[in-house]
Amino acid sequence: MTVTIREKLEEVERAILSPKAALSAASAGRVRAESPHPLRTAFQRDRDRIIHTKSFRRLKHKTQVFLAPFGDHFRTRLTHTLEVSQIARTIAKALRLNEDLTEAIALGHDLGHTPFGHAGEDTLDALLPEGFSHSEQSLRVVEKLEYEGKGLNLTAEVRDGIARHSKGRGEILERDPAGLAKTLEGQIVRVSDVIAYVNHDIDDAIRAGIIKDEDVPAAIVRLLGKWHASRIDRLVEDVVLSSLKNGLERIAMSREVLKSLVDLREFLYERVYSSPFATDEVEKAKKILTDIYRYVLARPAEYIKSFPKGDAVERRAADFLAGMTDLYALNLFEHLFFPRSWRS
Ligand code: MG
């Protein structure tokens, strides 16, 4: 029997990856059984499926911090996702873990993010009877919403990593085993997400003139360095070395560097996310999404017929809203609530 290229790639994984790596040939598999691909491993295939989704393309018009930013150099949800993927792959490769699995989780982790960043997420969380979180929504996107409602049928490892990637302002390194991603690759994405956004949000806040370079607390600068690149480098190196030190028991950081990452995140919350500039915009985003939500809820047949039948109407309205880009939400709001001028 001829050996396929995919089987050879699986053989390469077994030969070069760490015994702690998640091997694609050992995946717990998909909900619906599929025949293996002749060229690509299961995790490569998942990564590719995510890139080809509409949800992935919409990330380019979703806000990271600044709502529908005009400046071309501000991050969007898409560039954030790519930065997370780059950081996570560097760590995975250095630890000889599965880069394809890491990349698939990273590229899929924010697919369920709302328009208007966390302002949108908080708004939906308050509106929905059962609450709303973007990581649960990301899972819903890949399981239920994409591919005309059939879902992407991803492997268990990728779905697990997406579902457990975030806890907002909670602990960066999960201590509760129940909340921890089952693979080290999933744990890498969680910490890489924080490393990416903390650093690029500072960079963007400086670009927007909300803070200045010299506002970053001196203790953090001393430990992590003065520049965006040096800080990421130091954080990534610390994750790699600390995880190796504990024999890859779990993805880890040294106490000192972890504390500086937490401090950096707190600095951001205080100086950027709760700055008057950001909070004024949050109020506008809340109004836009709340008004659209109520409007749609009263007219389900017109707006949310295509969302999963059998789910509550609130849930389907949230699917519609969460999928919107910032621009789509702004345009729809204008269309629904602004009077139209007479044209001659
Ligand atoms: Mg993220």
Side-chain angles (χ1 to χ4, degrees), residues 46-47 50-51 53 55-67 69 74-92 101-125 132-142 154 158-174 179-181 183 185-205 228 231-232 235-236 239 251 253 261-262 264-265 268-269 272-273 278 285 322-326:
D46 283 2
R47 186 258 331 269
I50 288 166
I51 289 184
T53 59
S55 310
F56 187 76
R57 294 198 288 279
R58 288 199 302 265
L59 295 174
K60 70 173 182 259
H61 289 307
K62 289 192 181 198
T63 285
Q64 180 63 30
V65 175
F66 302 95
L67 307 189
F74 288 111
R75 269 71 174 189
T76 65
R77 203 48 69 180
L78 179 64
T79 61
H80 159 72
T81 295
L82 296 175
E83 290 184 32
V84 174
S85 169
Q86 178 270 313
I87 290 169
R89 283 175 45 218
T90 300
I91 297 172
L101 171 59
T102 309
E103 189 181 13
I105 298 169
L107 294 181
H109 85 281
D110 269 352
L111 289 179
H113 228 299
T114 57
F116 309 129
H118 289 280
E121 181 171 25
D122 293 346
T123 306
L124 285 188
D125 188 39
F132 178 94
S133 90
H134 80 271
S135 42
E136 284 167 23
Q137 187 68 15
S138 295
L139 192 62
R140 195 170 153 85
V141 166
V142 299
L154 303 179
V158 173
R159 285 184 287 122
D160 171 77
I162 289 175
R164 292 168 204 274
H165 84 266
S166 162
K167 243 181 142 190
R169 209 172 175 176
E171 286 195 85
I172 293 170
L173 297 175
E174 179 70 60
L180 200 63
T183 62
E185 289 82 353
Q187 294 176 33
I188 289 176
V189 173
R190 181 182 170 114
V191 71
S192 303
D193 187 21
V194 183
I195 293 176
Y197 85 71
V198 160
N199 284 289
H200 65 49
D201 285 357
I202 286 183
D203 192 49
D204 276 355
H228 179 72
R231 289 201 272 262
I232 294 180
L235 290 160
V236 164
V239 172
I251 296 305
M253 293 183 81
L261 181 58
V262 171
L264 206 51
R265 188 176 62 174
L268 260 179
Y269 270 94
V272 179
Y273 303 150
M324 291 177 187
T325 62
D326 295 16

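Order of listing sets the numbers, starting from 1, for every ligand and every atom in it. These figures come from a predicted structure and were not determined experimentally.
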### Task
Report the C-alpha separation of R75 and D201 in whole Å, then their side-chain angles, then the decisive distance to 0.1 Å, and conclude whether the salt bridge (charged side-chain N to carboxylate O under 4.0 Å, His left out) test is met.
CA-CA 8 Å; R75 269 71 174 189; D201 285 357; over 6 Å; no
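Between the side chain of Q187 and the backbone N or O of I251 there is at least one donor-acceptor pair closer than 3.5 Å. A donor-acceptor pair under 3.5 Å is absent between the side-chain atoms of R190 and the main chain of A181, judged by distance alone.
For the pairing with V239, the side-chain contact (heavy atoms from CB on, under 4.5 Å) check across L173, I91, I188 returns one residue only, I91.
Between H80 and H113, the ring centre distance reaches or exceeds 6.0 Å.
Taking a cut-off of 2.8 Å, the protein N, O or S atoms nearer than that to the Mg ion (ligand 1) are H80 NE2, H109 NE2, D110 OD2, D193 OD1.
Residues satisfying the salt bridge (charged side-chain N to carboxylate O under 4.0 Å, His left out) criterion with R58, sequence neighbours excluded, are absent altogether.
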